[in-house]
Amino acid sequence: MSKRAQSFLYHDKGQDKGFVAKYVEHYRTHYKAWNTKHAIHRNFGYYEPRNIDIYYDMRVFAEGRNEDEMLRKFTNQPKQELENILNELTSANESLKTFIPELVIQLNSFYDNFISEVGVKVQYEAIRKLSPQSADSEFWTALIKEKGKVQLPGENYTKNVCRTLKNELESEQSLNTFLEIKAGEYWAELVTKILSFFGEK
């Protein structure tokens with residue numbers, strides 16, 4: 001994966017915000033009502049009556065909900081470059097003409113697995129970072145206590161809970177950095193799998 005692709009996964013670049021900032025903005029707007037957010041907080045990230053699971057949400061968000069978002073967006077070009085290299089091999093070596101199309105199909109399968117594997121890692125890291133999912137958690141208690149709290153000038157419920165969530169996801173090893181590291185690791189595995197078809201390691 002290119003350095004440019006990696007940097008976009010976790011740094012703000014003008015209008016391109018990192019994963020955590022974009023997810024928290026999604027959380028703010030998608031679960032618009034304060035009482036929905038409060039229900040999520042009281043259930044430590046879940047709210048079964050509405051089928052809400054913020055950890056799974058983060059997985060989907062990290063993967064990219066379409067080809068123009070997050071991991072899908074920033075790995076699309078490296079994937080295309082790899083596919084182009086494979087296709088160019090057919091013109092360089094006549095004997096590869098039947099082999100390469102099958103390998104390109106395999107590449108697409110590896111790529112789908114890559115996206116899914118990184119997303120799952122982000123999901124479980126989010127669960128770890130926001131643990132314990134119980135009343136013993138200072139993080140969840142702080143969110144729950146925002147209900148009915150007297151706000152200082154310029155503050156409001158949504159702003160406060162989103163800031164607290166963002167700070168927690170960016171604490172210790174930021175979830176931004178975690179996503180970058182896992183994307184790099186799993187991309188290297190994908191390339192290694194492709195090279196193994198040529199007897200390379």
Side-chain angles (χ1 to χ4, degrees), residues 1-24 26 45 53-131 133 168-201:
M1 188 185 312
S2 69
K3 292 289 185 185
R4 180 177 179 276
Q6 287 181 354
S7 70
F8 270 113
L9 289 172
Y10 65 103
H11 286 308
D12 286 5
K13 295 281 188 182
Q15 296 302 310
D16 285 285
K17 296 181 178 177
F19 165 69
V20 170
K22 284 189 172 183
Y23 173 73
V24 172
H26 165 80
D53 175 347
I54 68 166
Y55 310 104
Y56 183 78
D57 283 355
M58 282 187 246
R59 169 185 173 175
V60 172
F61 210 81
E63 291 175 358
R65 294 170 296 177
N66 58 55
E67 298 302 317
D68 297 318
E69 293 183 353
M70 293 312 300
L71 198 54
R72 291 185 192 280
K73 176 178 180 180
F74 299 115
T75 57
N76 187 51
Q77 184 179 346
K79 174 184 174 279
Q80 191 59 55
E81 289 170 359
L82 194 51
E83 192 170 324
N84 291 343
I85 289 168
L86 292 175
N87 286 322
E88 285 169 9
L89 290 174
T90 59
S91 59
N93 190 329
E94 189 74 21
S95 64
L96 296 176
K97 277 195 173 178
T98 55
F99 170 66
I100 294 299
E102 291 298 321
L103 187 51
V104 169
I105 291 169
Q106 193 67 57
L107 167 61
N108 287 316
S109 175
F110 289 158
Y111 180 74
D112 289 341
N113 289 339
F114 156 74
I115 294 289
S116 179
E117 286 169 344
V118 175
V120 167
K121 290 293 183 183
V122 168
Q123 178 180 1
Y124 285 110
E125 178 65 4
I127 291 171
R128 186 197 70 77
K129 285 184 77 64
L130 302 184
S131 289
Q133 279 78 40
E168 195 70 14
L169 292 176
E170 290 181 343
S171 66
E172 302 173 44
Q173 183 189 59
S174 170
L175 206 54
N176 291 324
T177 305
F178 181 86
L179 172 57
E180 176 216 358
I181 290 169
K182 291 302 169 188
E185 287 176 0
Y186 282 94
W187 183 259
E189 286 186 14
L190 181 153
V191 172
T192 300
K193 287 175 184 176
I194 293 298
L195 290 176
S196 71
F197 284 90
F198 298 96
E200 301 288 340
K201 291 185 180 179

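All of these numbers come straight from a predicted model, not from anything done at the bench.
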- With a cut-off of 6.0 Å (strictly less than), are more than 12 heavy atoms of other residues, nucleotides or ligands near NZ of Lys79? yes

- Item | Tyr56 atom OH, neighbour heavy-atom count above 12 within 6.0 Å | no

Side-chain heavy atoms of [X] within contact of [Y], under 4.5 Å:
X: Gln106; Y: Phe197; answer: yes
X: Glu172; Y: Lys129; answer: yes
X: Tyr111; Y: Leu82; answer: no
X: Phe19; Y: Val122; answer: yes
X: Thr177; Y: Glu170; answer: no
X: Ile127; Y: Gln133; answer: yes
X: Asp57; Y: Asp53; answer: no
X: Asn113; Y: Tyr186; answer: no

- Message: Test of understanding: with side chain to side chain contact (heavy atoms under 4.5 Å, CB included), list the residues that count as partners of Glu102, not counting sequence neighbours.
- Response: Ile105

Contact summary for [X] and [Y], nearest pair of heavy atoms:
X: Leu71; Y: Ala183; value: CD1-CB, 3.9 Å
X: Gln173; Y: Phe178; value: OE1-CD1, 3.5 Å
X: Met58; Y: Ala126; value: SD-CB, 3.7 Å

Any chance you could measure [X], atom [atom1], to [Y], atom [atom2], to the nearest 0.5 Å?
X: Ile194; Y: Glu189; atom1: CD1; atom2: CD; value: 13.0 Å
X: Thr98; Y: Leu103; atom1: OG1; atom2: CG; value: 11.5 Å
X: Met70; Y: Tyr23; atom1: CE; atom2: OH; value: 13.0 Å
X: Ile100; Y: Leu107; atom1: CD1; atom2: CG; value: 10.5 Å
X: Phe114; Y: Ser109; atom1: CZ; atom2: OG; value: 13.5 Å
X: Glu185; Y: Leu190; atom1: CD; atom2: CG; value: 14.0 Å

- Do the side-chain N and O atoms of Gln80 and Asn84 include a donor-acceptor pair separated by under 3.5 angstrom? yes

- Message: Once you measure the plane-to-plane angle for Phe198 and Phe99, does it fall in the parallel (<30°), tilted (30-60°) or perpendicular (>60°) bin?
- Response: perpendicular

- Is the His26 ring parallel, tilted or perpendicular to the Phe61 ring (thresholds 30°, 60°)? tilted

Closer than 3.5 angstrom, by distance alone: can the side chain of [X] be matched with the main-chain N or O of [Y] as a donor-acceptor pair?
X: Ser196; Y: Lys193; result: yes
X: Asn176; Y: Val20; result: yes
X: Thr90; Y: Asn87; result: yes

- Task: Identify which one of Lys73, Arg72, Arg65 satisfies the side chain to side chain donor-acceptor pair (under 3.5 Å) criterion when paired with Glu69.
- Result: Arg65

- Task: Show the numbers, then the answer: is there a side chain to side chain contact (heavy atoms under 4.5 Å, CB included) between Lys121 and Leu179?
- Result: CA-CA 8 Å; Lys121 290 293 183 183; Leu179 172 57; over 6 Å; no

- Passes side chain to side chain donor-acceptor pair (under 3.5 Å), Gln77 versus Thr75? Steps please. CA-CA 6 Å; Gln77 184 179 346; Thr75 57; over 6 Å; no

- Item | Glu63/Arg59 ion pair, N-O < 4.0 Å | yes

- Query: Where do Leu96 and Leu86 land on the side chain to side chain contact (heavy atoms under 4.5 Å, CB included) test, with the steps shown first?
  - Reply: CA-CA 10 Å; Leu96 296 176; Leu86 292 175; over 6 Å; no

